[in-house]
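Worksheet: the structure to be examined is printed underneath.
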Number of protein chains: 2
Amino acid sequence: MWLYFFGRGEVMDEMKLSDRKKQILKSIIDAYIDSGEPVGSKNLAAYGNISLSPATIRNEMSELESLGYLDKPHTSAGRVPSAQGYKFYVDQLNEDYRLGVEELELLGELTRFKTAQVESVIDRANKIMSGVTKYAAVSLARNENAGTVKRFDAVYIGEHSFLLVMILEDGSAKTSQLASEFTLTENDVRKIKELLNANLCGVVLDKIPLDQMMALEDAFGKHRALVGKILRAAYSVTRGDGTSDVKIDGLTNLLSYPEFSSVEKARSIVELAESRKGDIRKLLEFSEVGEEKGLSPVISDENGMKIFFGEESGDGALADTSLVYCSFPVGNTNAVIGILGPKRMDYKKVVASLKFLARSMGENGEALLPDGSKRIDGDAE
Amino acid sequence: MWLYFFGRGEVMDEMKLSDRKKQILKSIIDAYIDSGEPVGSKNLAAYGNISLSPATIRNEMSELESLGYLDKPHTSAGRVPSAQGYKFYVDQLNEDYRLGVEELELLGELTRFKTAQVESVIDRANKIMSGVTKYAAVSLARNENAGTVKRFDAVYIGEHSFLLVMILEDGSAKTSQLASEFTLTENDVRKIKELLNANLCGVVLDKIPLDQMMALEDAFGKHRALVGKILRAAYSVTRGDGTSDVKIDGLTNLLSYPEFSSVEKARSIVELAESRKGDIRKLLEFSEVGEEKGLSPVISDENGMKIFFGEESGDGALADTSLVYCSFPVGNTNAVIGILGPKRMDYKKVVASLKFLARSMGENGEALLPDGSKRIDGDAE
DNA sequence: TGTTAGCACTCGTAGTGAGTGAGTGCTAAA
DNA sequence: TTTAGCACTCACTCACTACGAGTGCTAACA
């Protein structure tokens, strides 16, 4: 059973619906997801497996509409599911969807990559998910600001540059290659490392008092100019907008759906991916931040699977989209992967794929410690 | 003067053209770049500063067409520049274009970023270029395969992971966070570093004999499983497709031009950016690789500024685009930045902006050694 | 009382065809 | 050599029509 988070906190109750209404609603949404076009009573009677006349279906449709589950684009068009309708639909999704052979094949790649580098696991998962679902996949590699640098290291590269390594609270390592005006020796670099560890570990960088910073600069001697660069690098790693942790794949997939066939729509979705990664980050982080931007309601089930309906966000780019997402452990931290698709996307398949992903990443607690013999059992539920 | 690289190596000669023809051709292209629509004789007579009657202009146009400088979309439309026409046009571009105040303002940002981290300089430059030109900017951070790893380093992160640092021939540093199944100590990591430096420096990784690799695994002891991971990381860094070095910004800009107003066009250009970075890399690397894919001809001037006409590549996504690009030193290596726009893009402005960029990055030989007092003199030529 | 057939009505869409206007090429006069 | 005039082309716009999928209502039926 899914939980509903509404703006006003109420919990929805569709138990009013008769079984027949449920069946009809479900058929309508299935048909709509399939075709992308408003579905009418006649077609539903003919191709949906409902043994009722179009007229009866019409009556039911009309009631479903007044109950808020369906919308009408215009008088003489068929019906289209409303956000409420979609919510009902995903709630009924418990019946399992069996992933196809090719889908399982692709998802199987995941287990192969569990042994690879930390930073690329999520990347690969993201690409694979976009390939499997044929929608866009969005991922967030680190879902909180890391706060402070736990430990510094510095690697000598050459006379004029070194690599600053910052190990964060969550065990992830960030690096930044820095250049110096003055000649650097290996010894200089070692000293820099020691100074940083002595002075900046666990320090919230925007709260450094000026005198402390000046003292640090003095300790750097002729390399004092580096202090600013280092602080800037550390700051952007701990306090940065984190947009580099947001990855998007499969935009092209998205553009092939009719809901993005106008250039404006396409443009707004490309813009989202190109210059609004911060917003996507907020979306994936869910919770308060999203709430304040009107990015709720969202529904969520007991497996941590969450669904966001873009329609209700008031955001133009997201208007016709939905996002299904969930988080799971990767290394010492958490990753979030979501599928962004048209709001009429194939929820069954998407939910099944994400569940498969979450299970194969999270099953052993620590996804990056390979167990070598991971099986694929071919069933997604 | 620009040099022309043709498929068959011939050098073009437009000296045949009378001054009047040149003037008319130039006006037509200016008008077309401005409006994006075929330009007719009447309009040209009215708004271009040519004191000839439409009829005369028509005669000249007709001759320019048969000489191959102009094309006609259909009988009763105006004329449109052909690839040859564009080539003539950019060749005449010597007359300088003065960048506007806002443009200079934006470009001025470049000098501020000269002091920042190595890896982000090109990123920022790319973003700024797309902002200034209102087209897409593409950049290549490293224009050759690095060959081998010059030196290894390893930074202990925690009990189950460490950061592998690979310093390449060109002085750039690449890192990869690796996880180990068995508990790691700082000492283990130090030993790993020594083993790598003793065995893999300067080694072409795909030519390691099996016995050597087995010996290395033995030396790793219980951490033998790491050898494979390390080799894979090093291989992808030295021999990888290098697509992560290709950055694209301003796709959204591109989508607002009418030549990309069909979804198919938009899709193909998004696809190019999303999953064909390898091709973009080849383009920016120019030379042989491009040649073999039919990615020539290209014209090039004495400042290293190059222009590629997508029309002639036979590549659908590039069909309506041009790419103006040039390379300049960043740190110890070379970067290439290009502007990808509709083939009727504002070459004057783009060339001026790129020249400004190349000059402010390359002027001091070593762009990453700040001189603190870089001036902006407000003239682009 | 629930279900269905019939029918009038709505409304988006595809197709048609006349009108418009920007553009060309040709010819003959200046 | 330049220009005015003229016939012709052709994409584009717009009003109009026909079509058809769909609805809602009413009355008959099981």
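By convention in this document, chain letters (A, B, ...) are assigned in the order of the sequence lines, proteins followed by strands, and residues within each chain are numbered from 1. Only heavy atoms go into these numbers, but all of them, side chains included; no hydrogens, no water, no symmetry mates.
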Subject >> First of B:A55 and A:K42 reached from the 5' end of DNA chain D, by closest nucleotide >> reply: B:A55

Subject >> Rounded interatomic separation in angstrom, taking NZ from A:K72 and P from D:dA21 >> reply: 18 Å

Subject >> Whole-Å distance separating the CD atom of B:E63 from the C1' atom of D:dT1 >> reply: 12 Å

Original post:
What class does the angle between the rings of A:F88 and A:Y69 fall in, given that below 30° is parallel, 30 to 60° is tilted and above 60° is perpendicular?
Top reply: perpendicular

Original post:
Looking for any heavy atom pair under 4.0 Å, which part of the strands does B:N59 touch: base, sugar-phosphate only, or nothing?
Top reply: base

Original post:
To the nearest angstrom, how far is A:L52 atom CG from D:dA30 atom C1'?
Top reply: 15 Å

Please tabulate, one pair per line, all N/O donor-acceptor pairs under 3.5 Å involving side-chain atoms of residues 51-59 of chain B, not counting sequence neighbours.
unit_1 : atom_1 : unit_2 : atom_2 : d
B:S53  : OG     : B:A55  : N      : 3.4
B:S53  : OG     : B:T56  : N      : 3.3
B:S53  : OG     : B:T56  : OG1    : 3.0
B:R58  : NH1    : B:S41  : OG     : 3.3

Original post:
Does D:dT2 have OP1 or OP2 sitting under 4.0 Å from an N or O in the side chain of B:R20?
Top reply: yes

**OP:** Please indicate whether B:K21 has more than 12 foreign heavy atoms, meaning atoms of other residues, nucleotides or ligands, lying under 6.0 Å from its NZ.
**Re:** yes

**OP:** Look at the side chain of A:Y135 and the backbone N and O of A:D346, then say whether any donor-acceptor pair between them is shorter than 3.5 Å.
**Re:** yes

Original post:
Taking for each residue the nucleotide of DNA chain C bearing the nearest heavy atom, is the 5' side occupied by B:E65 or by A:S51?
Top reply: A:S51

Original post:
Closest heavy-atom contact between A:V263 and B:L255?
Top reply: CG1-O, 3.8 Å

**OP:** Specify the separation, in whole Å, of atom CE of A:M61 and atom P of D:dA21.
**Re:** 15 Å

Original post:
Across the strands shown, which category fits A:A77 at heavy-atom distances under 4.0 angstrom: base, sugar-phosphate, nothing?
Top reply: sugar-phosphate

**OP:** Extract, from 5' to 3' on DNA chain C, the first and final nucleotides lying under 4.0 angstrom from some heavy atom of chain A.
**Re:** C:dT3 to C:dG12

Where do N or O atoms of nucleotides 11-13 of chain D meet protein N or O atoms at under 3.5 Å, pair by pair?
none

Subject >> Spacing of B:E60 atom CD relative to D:dT2 atom P, expressed in whole Å >> reply: 7 Å

Subject >> Partners meeting side-chain hydrogen bond (donor to acceptor under 3.5 Å, both in side chains) with A:K277 (sequence neighbours left out) >> reply: none

**OP:** Determine the interplanar angle of the B:F309 and B:Y347 rings, folded into 0 to 90°, and report it as parallel if under 30°, tilted if 30 to 60°, perpendicular if over 60°.
**Re:** tilted

Subject >> All pairs passing salt bridge (charged side-chain N to carboxylate O under 4.0 Å, His left out) where residues 33-44 of chain B contributes a residue, at least two apart >> reply: none

**OP:** Not counting sequence neighbours, which residues clear side chain to side chain contact (heavy atoms under 4.5 Å, CB included) with B:A31? List them please.
**Re:** B:V39

